[in-house]
Amino acid sequence: MLFEQLLNGITVGSTYALIAVGYTLIFGVLGMINMAHGQIFIFAALTAIVTMSAFGWPLLPAFFVSVACAAVLGALLEAVAFRPLRKKDVPHLAPLISTIGFATILDDAMIKLFGADSRFVPGKLGGSFSVGGVDVRTVDLAILVAALGLMALLHLWIQKTPFGKAIRATSESPETAAILGIPTDRVILATVVLASGLGGVAGLLLGLSYGAVAPSMGVGLGFKGLAVLVLGGLGSLPGAMLGGLLLGVVEVLAVAYGSSTYRDAIAFLMIILVFLVRPQGLFGETPVQR
Amino acid sequence: MPEAMLVVDGVSRRFGGLLALNGVSFSVSPGEIVAVIGPNGAGKTTLFNVITGLFPPTDGTIRFEGRTISGLPPHRIAALGIARTFQNIRLFRSMSVLDNVKVGRHSRTRSGALAGVLRTRRERAEERETEARARALLRFVGLESAADLPAGALSYGAQRRLEIARALAMEPKLLLLDEPAAGMNEAETADLAELLQNIRRQGITELIVEHDMGLVMGLSDRVVVLNFGAKIAEGPPEAVQNDPAVIEAYLGKDDDESGEARPSEEGGA
């Protein structure tokens, strides 16, 4: 029972982690929170589900639809909400507001296009199997492998490739990166597109886990991703990954051994407790004393 | 004298009510070492920021190898062959010493989002070359044994040398050095002078902002003096040193002894 709950928690948590990674990447290069992230990935997941239903497509091409849709929305977000505010002397928080505007438009567009009701994910991965007495749902295993695999690939890409180094350089200092010949606007665009594309995967994985996706899920899941961003330590990729898993496990255990009514309350209580011990988050850097 | 490499032509830069640069003109020829000196707040770092494109000049133009670069974004100017170091060291502190140098290779290698993902033979060859060049540069500045340390763990003088290695990784034609000797002791400064001479021997032109007069006098072919954003003198080191306008600018606002103009035997390495 405990192992099943833990596995369940890690599965849900891996999708939270994937969402939080999206916030973290954008926070890294722009120093800004993308308030439209939740709406972008739910919009993309809904588009994929509607496409699947309309054309009778299987699951794998649906993921490409979700990723492509989220990536396009990410590029649009960068073009209309971030870039125009980067050039001039605008208040620091202005891009936060413009992403909220973008999110509001997406919310309305989703309801116009798809309706406000939940959409069921067709062609679910059914079945389960038993490993050493622990029941494992096939769908959970698929989610876990996909989410953790993607994050491992992302980690390698960021650490090892020239473009990954350019993203890290831009995160530390956009000015210095530009002086060193790095086209920071292009790096930022690629990062926002990547973050959104990963969200596109996460949105559809969550749809698989819950069995359905509704437009209203964007806000709540977005806030969870945000909580994980802060829990892991602002801008830390390993922090976002571990924080997401932790949040998922705590939520599932809260439901299993407490009450589902208090699921979110217990999860956020855990986050508050972490901050009492580590105000900078799990992997956050201690502010430099000057 | 060969044709000028860098031409700064009537450049002004205004920040609100402050005229940080006021109609500054001078040029740098290939192979030269030119120093820019002046009291604190004279506009020296602003001049570097304008040349490297961090912000455009309010007035005037800057040409590099015959083409106007004022108004271009910093990464384009960098790709044309202008590299710089910073007065307040700006390393990527979370990266290793070696990775800091590799970042400098960005505009000299294929580095799109998919570069290095498929690991084709060509990419692996390029990766090996980047690695080899980065290590060679670390050897050149005497940091080869520190390659895998985080950049933030280096001593102050070593961080300055790492910044120079990172700038050299860009294969620049012109290297701008913003107070390279700041915070260094006498021995470190002497090593630095030798390093800067070696860089010149590789055919790289240097423009140096520096307070250490010993270093400036021993190293530079010409000196440009700024005061309150305007050029007040230009010429060979000895001539500038005895220029009444320069002496007045320094004596009037002398706040540390390094601002004192004195001849030096340094830099002859």
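Just so it is clear, the model here is predicted, and its values are computed rather than measured. Note on naming: letters A, B, ... go to the chains in the order of the sequence lines (proteins, then strands), and numbering restarts at 1 for each one.
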* **A/Pro183 and B/His106, any side-chain heavy atoms less than 4.5 Å apart** =>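 Yes, at least one pair of side-chain atoms sits under 4.5 Å.
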* Side-chain heavy atoms of A/Ile182 within contact of B/His75, under 4.5 Å -> no
* Asked: Do any of residues 157-170 of chain A have a heavy atom less than 4.5 Å from a heavy atom of chain B, and if so, which, in residue order?
  ->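 Checking residues 157-170 of chain A against chain B gives A/Trp157, A/Thr161, A/Pro162, A/Phe163, A/Lys165, A/Ala166, A/Arg168, A/Ala169.
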Should the heavy atoms of other residues, nucleotides or ligands under 6.0 Å from [atom1] of [X] be counted, would the total exceed 12?
X        : atom1 : answer
B/Arg200 : CZ    : yes
A/Phe64  : CZ    : no
A/Arg83  : CZ    : yes

* Structure fact -> Between the CD1 atom in A/Ile179 and the CE atom in B/Met170, the distance rounded to the nearest 0.5 Å is 7.5 Å
* To do: State the CG-CD distance between A/Leu180 and B/Glu163, to the nearest 0.5 angstrom.
  =>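 Going from the CG atom of A/Leu180 to the CD atom of B/Glu163 covers 8.5 Å.
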* To do: Please list, in residue-number order, every residue in residues 86-101 of chain B that has a heavy atom less than 4.5 Å from any heavy atom of chain A; write 'none' if there are none.
  => B/Phe86, B/Arg90, B/Leu91, B/Phe92, B/Arg93, B/Ser94, B/Met95, B/Asp99
* For the student: nearest non-hydrogen atoms of A/Ala178 and B/Ala78, plus distance ->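 Smallest heavy-atom distance, with atoms named: O-CB, 4.2 Å.
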* Of all the heavy-atom pairs spanning B/Ser107 and A/Gly181, show the shortest one and how long it is. =>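 Nearest heavy atoms, B/Ser107 then A/Gly181: CB-O, 3.9 Å.
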